[in-house]
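Heavy-atom basis, side chains included; hydrogens, waters and symmetry copies ignored. A, B, ... follow the sequence lines: proteins, then strands. Residue 1 opens every chain.
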Number of protein chains: 2
Amino acid sequence: MNRSDQNSFRALADPTRRDILRMLARDEMTIADVSSHFDMTRAAVKKHLTVLSDGGLITVEARGRERINRINPAGFAPVLSWLEFFDQFWDDRLSTLKTTIEKDKT
Amino acid sequence: MNRSDQNSFRALADPTRRDILRMLARDEMTIADVSSHFDMTRAAVKKHLTVLSDGGLITVEARGRERINRINPAGFAPVLSWLEFFDQFWDDRLSTLKTTIEKDKT
DNA sequence: TTTATATGAAACCATATGGTACTATGTCAA
DNA sequence: TTGACATAGTACCATATGGTTTCATATAAA
């Protein structure tokens with residue numbers, strides 16, 4: 001089976017990276033921008049951004065001495081596609097699932 | 001911020017565990033059943049099942065000396081809910097997931 | 001040109017992770 | 001009861017991961 005989705009799932013496994021994605025969903029940011037939101041070094045944040053980039057969840061564009069990080073919606077496709085596989089088996093239980101999602105929303 | 005989704009995201013990060021979930025989507029299985037599909041020891045598979053259980057993605061029921069592992073659709077809610085956050089920014093991209101859920105609601 | 005800024009990269013560290021082997025316990029079956 | 005079977009649990013190992021520090025490089029600004 002194809003394992004091209006491994007990098008995207010791995011990228012989503014870390015809470016810091018998920019937070020970064022939520023930030024980038026609102027606005028593109030430089031590495032320094034992102035770093036300013038976390039209590040860790042810029043080098044650590046840069047590593048996270050590299051993992052996100054490897055997973056295809058963000059794109060990075062060089063602009064002068066800065067690196068513009070942007071979320072990449074298409075990168076989520078492997079994850080969503082994998083999750084959708086289960087729909088064919090959950091016809092019965094899906095209403096429960098849907099209800100749980102609504103309750104879990106913040 | 002809420003971090004209750006950490007265990008479920010972590011559970012999905014490993015390819016073996018994702019394969020196990022696909023198997024369990026079709027049928028409940030004992031630990032031995034699951035192990036027979038992988039080239040690794042039963043102990044290793046059991047660890048994966050524990051991680052899946054911690055993440056709420058499966059349930060485990062003791063039946064005699066066996067342990068029946070079943071997929072837990074509700075356990076996917078935190079993941080799907082987290083992904084749906086992005087809908088408000090990507091009217092187009094993530095609509096597939098929403099569509100699938102709505103479709104199966106009937 | 002000089003200096004400050006933004007990032008890249010490498011070495012290093014502690015802990016987590018995914019695996020093994022071995023032993024123990026509970027349960028089914030003859 | 002005895003023996004086989006299914007699982008639990010522990011110790012252990014190699015590598016991955018998430019973090020730091022330090023230094024190098026490219027670009028912007030004075």
How does each nucleotide of nucleotides 22-30 of chain C score, in 5' to 3' order, for protein heavy atoms under 4.0 Å: base (B), sugar-phosphate only (S), or none (-)? ----BBS--

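Under the side-chain contact (heavy atoms from CB on, under 4.5 Å) rule, A:I31 has a single partner from A:E66, A:H48, A:R42, which is A:R42. Across B:I68, B:I58, B:T59, a single residue satisfies side-chain contact (heavy atoms from CB on, under 4.5 Å) together with B:E28, and that is B:I68.
Contacts of B:A44 with the nucleic acid, taken as non-hydrogen atoms under 4.0 Å apart, include base atoms.
Closest approach of A:D5 and A:P78 over heavy atoms only: CB-CB, 3.9 Å. Heavy atoms only, all atoms of each residue included: B:G56 and B:N72 are closest at O-ND2, 2.9 Å. Closest heavy-atom contact between B:F38 and B:D19: CZ-CB, 4.0 Å. Looking at every heavy atom in both residues, A:F9 comes nearest to B:L12 through CD2-O, 3.7 Å.
Ring geometry for B:W82 versus A:F76: interplanar angle under 30°, hence parallel rather than tilted (30 to 60°).
For B:K47 against C:dG19, a side-chain N or O and a base N or O form a donor-acceptor pair under 3.5 Å.
For the pair A:R67 CZ and C:dT7 P, the interatomic distance rounds to 8 Å; values are reported in whole Å. In this entry the distance linking CG of B:L49 with C1' of C:dG19 reads 15 Å, nearest Å. As a whole-Å value, the separation of B:D39 CG from C:dG19 P is 10 Å. Rounded to whole Å, the distance from CZ on A:R10 to C1' on C:dG18 is 14 Å.
Between A:D14 and B:K46, the residue anchored closer to the 5' end of DNA chain D is B:K46, taking for each the nucleotide with the nearest heavy atom.
Using a distance-only test at 3.5 Å, with no hydrogens or angles considered, a donor-acceptor pair links the side chain of B:T50 to the main chain of B:K46. Using a distance-only test at 3.5 Å, with no hydrogens or angles considered, a donor-acceptor pair links the side chain of B:N69 to the main chain of B:R67. Remark: side-chain polar atoms of A:R22 are not paired, donor with acceptor, to backbone N or O of A:R17 under 3.5 angstrom. Panel note: side chain A:Q6, backbone B:A13; a donor-acceptor pair is recorded below 3.5 Å.
Axis angle between the ends of the helix from C:dT1-D:dA30 to C:dA30-D:dT1, five pairs each and rounded to 10 degrees, works out to 30°.
Under the side-chain hydrogen bond (donor to acceptor under 3.5 Å, both in side chains) criterion, A:D54 pairs with no residue at all, not counting sequence neighbours. Residues meeting the side-chain hydrogen bond (donor to acceptor under 3.5 Å, both in side chains) test with B:T30, sequence neighbours left out: B:D33.
Contacts between chain B and DNA chain D, taken as any atom within less than 4.0 angstrom of a protein heavy atom, begin and end at D:dA4 to D:dA8.
Of the residues in residues 51-62 of chain A, not one comes within less than 4.0 Å of DNA chain D through any heavy atom.
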